[in-house]
Structure formats: C-alpha cells, structure tokens
Visitor: 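Starting off with a structure, shown below.
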2 protein chains.
Amino acid sequence: MTATIRDVAKLAEVSIATVSRVLNSKGYVGLETKKKIEEAIKLLNYEPNEVARSLTVKKTKTVALFVPDITNPFFSTLAKGAEDYANSKGFTLILCNYEKMGGRKKLYVDLLKQKYVDGIIFAAGALNPEDALKIRQSKIPMVVLDRVPEMEIECEILVDNYEGAKKAVKHLVEIGCKKIAHIYGPQEISTARQRLRAYEDAVKNLPWYTPSLLAPGNFSIEGGMEATKKLLHDHPDLDAIFAGNDMNAIGALKVLYRKGIRVPEKVAVCGFDGIKLTEITTPEITTVVQPTYEIGKLAAENLIHYIEHSFFREKLIKLDATLVVRESTQKLERNDET
Amino acid sequence: MTATIRDVAKLAEVSIATVSRVLNSKGYVGLETKKKIEEAIKLLNYEPNEVARSLTVKKTKTVALFVPDITNPFFSTLAKGAEDYANSKGFTLILCNYEKMGGRKKLYVDLLKQKYVDGIIFAAGALNPEDALKIRQSKIPMVVLDRVPEMEIECEILVDNYEGAKKAVKHLVEIGCKKIAHIYGPQEISTARQRLRAYEDAVKNLPWYTPSLLAPGNFSIEGGMEATKKLLHDHPDLDAIFAGNDMNAIGALKVLYRKGIRVPEKVAVCGFDGIKLTEITTPEITTVVQPTYEIGKLAAENLIHYIEHSFFREKLIKLDATLVVRESTQKLERNDET
DNA sequence: CTGAAAGCGCTTACAG
DNA sequence: CTGAAAGCGCTTACAG
C-alpha cells in the first residue's frame, strides 16, 4: 500500500540502514547513494511512519496542554500560542480539558504516558500537590504556568500577579475610590491567591477597609454576578470593584448595569487577564493585561527545547502584567481636551 | 524500567500471547491463568505501550480537530464538545489551527497521517475543494462541519443556516424595521453564503432593498466594525443590522455605541451563532443560536463510531438553529408587564 | 485453552 | 561509507 523504508531501500538498491541515515541526516552517506535514495523517496512518495519511529526512539513529537476550560478566552489564546509554536516545530498538540475531571485526570496522564507524549504544559488551575506529584511520577517533562505549593517544578512560567494586582488597586485608589471591593478567585489557584493578597496589602490600612468587601467569584461570569450582588447588598456605598479576573469583571458589569448603577461614575470596575472581551463591553474594562499568547508560546518553546536537548533553558520565567486603563475606571480623571 | 508485556508473561508464567489475550479480552483464556495474569499486571503496575500497539493495529485512538481559530468562542465550545466526547471514549484530541496556514495545511495532514491519526474533524471554514481533495486522498476518515462544493463527503453535520438566517430577518421585519442591512461573512464558507442568501431572499422584494445594504465583515469583531461604519455612511437611515455572525454583531454594537446611536431604539442588531458573549454585552444581542457544543460532540461521536465500526452511522446530520430574541431587537414589542 | 513465531516499520550499535 | 542483525513492545494467525 503505502511505501515503507524497505521499498525505498530496494528501489535504491541499498540497505534500509542507509536509507534511515539519509532520512535522519545522521552518519555518513556517499553522495551518489544519497542521490539514489532521495530519488527513490520521491518516486515512491515515501513518508516515514512516525509510529514505528516513535516505538524505537520513544519520542512522538507530541505535547499535551491541560487547561481547566478551553472555552475561557484566556485559555484559548494561551492554547493558540502553544499550538502555533508547537506546529512550527513539527510538533502536534493534544488538548486536555480537565475541569471537573475528577478521577479522569490521573487516567488522562496515564494514557498520555502510554502514548509516549513527550511533554505536558499545565496551565494555571487546580493543579493541586497530589495531582502534580502523580504527574511528576509519570516522569513526563512538564512546564507549569502556576505556582505549585511545596513542590520543585523543573520549569515554571510565572506572571507577577501580585504586582499586577497591586497596580490595579493603587490605580483605583488614585482615581479617588474610597470603598473598593474585591471578587476573588478559587484559592487553590496561586494566581488567585496572589491577587487577593495584593488587594489586602494595598488596602488593609485604609480607614474604610473591612473583610466583608471580599466575595468569591469562581473566576466565572456567573460567579462575578453573584459576588457583585452580595457586595452591593452588604455595601450599597461601594465605589469600585477589583475583580479577580476579567470574567468576574464582566459579570460585575452586567449586574451593575441591570441595577442601573453607572460605571464608572458610581462604581469603577477593574479586571485581570486582558482577554479581548474587555475591549468590547460597554464601557470597556480597565484590566491588568497578561501576555497570554506569549505565555503559551513560551511554554511550548521551553518544553520542546527540553525535549530536544534534555535540559530546560530556563527554570523560571517571570513576566509582568501591565495595567491598561480604559473606560470602566475613568472616574475622576478627564483629559478629553487639553 | 517500566514493565512490558514480557515481564508480565514471565511473572505469570505464561506466554506473551496469552497476556495479550487478557489485555484485549479477546480469545479464550482459562480462568486460572487469567487470574494469575491479572495479578501480575497489578503487581508490576503494568500498562500497555500504546505506541507498540498502534504499530501493529494501525490505530492510535487519536482524532484531530481543525478549526480556523480556537480563539473564536464558537470554535472553542465546539472543541470542548469534541474533546469531552473523545476523552470519554479513551480518545485523545489533537488541536489544529489552520487560519492562514497556507502551505502548512497539507503538511499538517501529512504529519497526521504519518502519526496514524484515526480521523479528522474539519470545522466550518476555508476548506476549499483542493484542500478537501488532498485530505480525502490521505484516506483518513473525516467528518466535515460545512458544505464542501462538488465533493462527496462521507459524513457531514450541517446546521440549517438558511432557515436560521431567514428567521432572523423575518423577525427584524416583523418588529417594524424598514431598512435592514447585512454584514456578510467570507463567501468561500458555505454557512456565510447561506446566511447571505437567506437575507437576500427575505428582503429582495421589499421596497427599500438595495444591494448597497450589504457589507463584508470577515466574521470578526474588527470586520463588523468596519462594515458598520461603511453601512452607516451609505445609509444613515438604516434601522437594523443582521450580522453574519456574533463577532460581527459585537463589532456593530461597538460602532453604534461610539456614534451614540441607540440600540435597539434607533438600530436593531441581530447576530448568528449564539456564542456566550452575546449575553454579556449591553444590550444583550438577539442571535440565531447553533447547538455548538452538541455539534462538536456529534462530530466526535460519528467519527469515533466510524473508526470503531468502519461505517458512518449517519451520512448527513441536519440540525436547526433557533432564534433567541434579546434586548438588541426589542424595538417595538414591549411585554414587560401583562 | 495456550505458545512459538512472524511481523508492524523503523533505529541503532556493531562490523567491515 | 555501507549492511546484517537485533530490538522497540505489541498483535495475530497458526499449530497443537
């Protein structure tokens, strides 16, 4: 049916070992024989069988990406960054959603190991220590886009969530907000913890601060809506919401709009992540932008570098998040005209 | 290192052939021997090597999903539907973005073939006849979520875009719109063509209709913005926009808002697809909802059924799109109170 | 019911 | 510079 290396060898009148050498440009091959072999390859339209190759070299040029939910724009752009790079290197990317996967997660990793997946990228999210350990034991190289407590990771890519969040809260203070609430994300996720901590550090000594200005938003639109309702109920006079992520901010915006509370005049809103959606809402949302596509790309880049050279180029990559001010916090500042 | 079938055989004091039989629950195996083997497997923590297995059975329990852009919410929820199902069947899903892939597309398919990918799902988008043919020649089974001109596809999943679009335009007419523009999508995509045709059929005999009420929007937010600007320029009196997809509608909304044109009072807006975003904008967008997650799931389901049984359960699956009326077209109807 | 042997399509020392 | 042979870890007829 499809040609094999044996067919090529026969046609070129050489051994399969020699064909293999030219295929992998490895070891010496006479110029003449090389020509003959290349012709045969062309003639037969031969393409090496990657599965057979994988069986002997134990590599598949395949990496897996675990995300909590590909449906979240943050993760889909991350995925795109990773996939684009992987593809450019001849790698193939396996998508794994692990939200509420429960026991499946272990199985998934086992399956990947059985398939000789070369490496795994683990995006931020509930990678708890146990899971991490399990994956670690599988010996599959991984890069992690989140801090995993009490565990040495070979390669992490970390965005400075703390500083990013601090910038956001400071900004809100600077524009004159006097009662800033925070919708926090799942506390098993380190980024959510950092953002919360930055908020607390920034406001704990301010006169108006009270812990009831905190509400959980589960990093989702719905969660953001619930949290906002609760916050407004407890603090009708709040004048700003620092949302744990953009989805929360969008939820907040929605509730505020429904209640007829004007943004930013009455309540300013700031998000985190910098997903594209924040540019299309009305008003557009001020947010702390992460280099999301870049993160995905870097993750793939470092992982593939490891796969090909057996060492990580960088052990820890730190990136900054930058505050992008938009309409949702244009409260007191007015520089429309000069 | 890791245990192989040989280790299991040795420990259980049988041949590897017998181990293979219990592994695949295929062929007769004595109860006693089976027990012994199962114990050995447990003891050694043995897990079969899928790559070796693939080499002989020529199947990998892997499917690929081609999408133009995973970053578009429509495709990410489609991907989730496909991945969830694939995973539930022990399959693994490879993500392929093919937007502007150019020559890469062929290579990608070749690569997948070399890797023994069992099947491909091709989402709507620029699957032009040439590409389709190339893929077809690869003999990899595929399900296509789009109409491919002049080509027999083994399994297609089609949403009735024509009827869906018709419902949308009729709705706009019914609420009293007298000058309805349409932002159309890339005409190499059949769904875009169908939506355009439905619009034309619905309005071509109405007195106000003129072809300049059409503008291309490229199915993107930016494209929707451009188109809207152009339409407003040419027709300051237009009172409704039927956008080719939700991204276009979001773009339209944005431009209208910036220009201070109220939606829906002055201009009604209707989208297509039913991505989640349409629920979070202000106003919420009326749209023609496709069963997106379901489409992804059905695609995976039919493809995997084919892979496992060598025939497609259904050759053609037709689904309906339903109009969901929301704020952006609440122009004349008012049923807040009874 | 079970085993020996061939084979899937490659790569990799090892000789020469 | 090139080839014969072993091996990667399975499955699958074929005997028995």
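Below, chain A is the first sequence line, B the second, and so on; all start at residue 1. Note that the structure is predicted; figures quoted are calculated from it, not measured.
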Visitor: State plainly whether the residues A/Asp69 and B/Lys80 are in salt-bridge range, i.e. N to O under 4.0 Å.
Guide: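 A salt bridge is present here (some side-chain N lies under 4.0 Å from a carboxylate O).
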Visitor: Considering only NZ, NE, NH1 and NH2 on the basic side and carboxylate oxygens on the acidic side, decide whether A/Glu301 and A/Arg313 come within less than 4.0 Å.
Guide: yes
Visitor: Can you work out whether A/Ala52 or B/Ile16 has the more 5'-proximal nearest nucleotide on DNA chain D?
Guide: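 It is A/Ala52, whose closest nucleotide lies nearer the 5' terminus.
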Visitor: State, yes or no, whether a side-chain contact exists between A/Leu95 and A/Val67 at a heavy-atom distance under 4.5 Å.
Guide: yes
Visitor: Looking at A/Asp118 and A/Thr60, would you say the former's side chain and the latter's main chain have a donor-acceptor pair under 3.5 Å?
Guide: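 Here the side-chain-to-backbone pair exists.
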Visitor: Can you pull the contact range of chain A along DNA chain D, 5' to 3', using atoms under 4.0 angstrom from its heavy atoms?
Guide: D/dC1 to D/dG9
Visitor: For B/Gly30 and B/Lys58, find the nucleotide of DNA chain C closest to each by heavy atoms; which residue's nucleotide sits nearer the 5' end?
Guide: B/Gly30
Visitor: Looking only at heavy atoms, what is the nearest atom pair of A/Asn49 and A/Val51, with distance?
Guide: OD1-N, 2.7 Å
Visitor: By nearest nucleotide on DNA chain C, pick out whichever of A/Val51 and B/Arg21 is the more 5' one.
Guide: B/Arg21
Visitor: Please list residues of residues 31-42 of chain B whose heavy atoms come under 4.0 Å from any atom in DNA chain D, ordered by number; otherwise none.
Guide: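 Hits under 4.0 Å, by residue number: none.
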Visitor: With side chains defined as the heavy atoms from C-beta onward, is the minimum distance between B/Gln114 and A/Pro48 less than 4.5 Å?
Guide: yes
Visitor: Please convert DNA chain C into dot-bracket. A pair counts if it is Watson-Crick or G-U wobble with both distances under 3.5 Å; crossing pairs go in [ ] and bases paired with another strand get |.
Guide: |||.||||||||.|||
Visitor: Please state whether the rings of B/Phe311 and B/His305 are parallel, tilted or perpendicular, taking 30° and 60° as the class boundaries.
Guide: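 Taking B/His305 first and then B/Phe311, their aromatic rings stand perpendicular (interplane angle over 60°).
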Visitor: Looking at OG1 of B/Thr77 and CG of B/Asn72, how far apart are the two atoms once the value is rounded to the nearest 0.5 Å?
Guide: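 Interatomic distance, B/Thr77 OG1 to B/Asn72 CG, rounded to 0.5 Å: 9.5 Å.
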Visitor: Indicate whether the side chain of A/Thr62 and that of B/Lys115 have a donor and an acceptor atom separated by less than 3.5 Å.
Guide: yes
Visitor: Nearest 0.5 Å please: distance from the CD1 atom of B/Ile121 over to the CD1 atom of B/Ile157.
Guide: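 Rounded to the nearest 0.5 Å, the CD1-CD1 separation comes to 7.5 Å.
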Visitor: Could you check whether A/Val14 gets within reach of a base, just the sugar-phosphate, or nothing at all, counting any heavy atom under 4.0 Å?
Guide: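 Answer is sugar-phosphate: A/Val14 comes under 4.0 Å of backbone atoms only.
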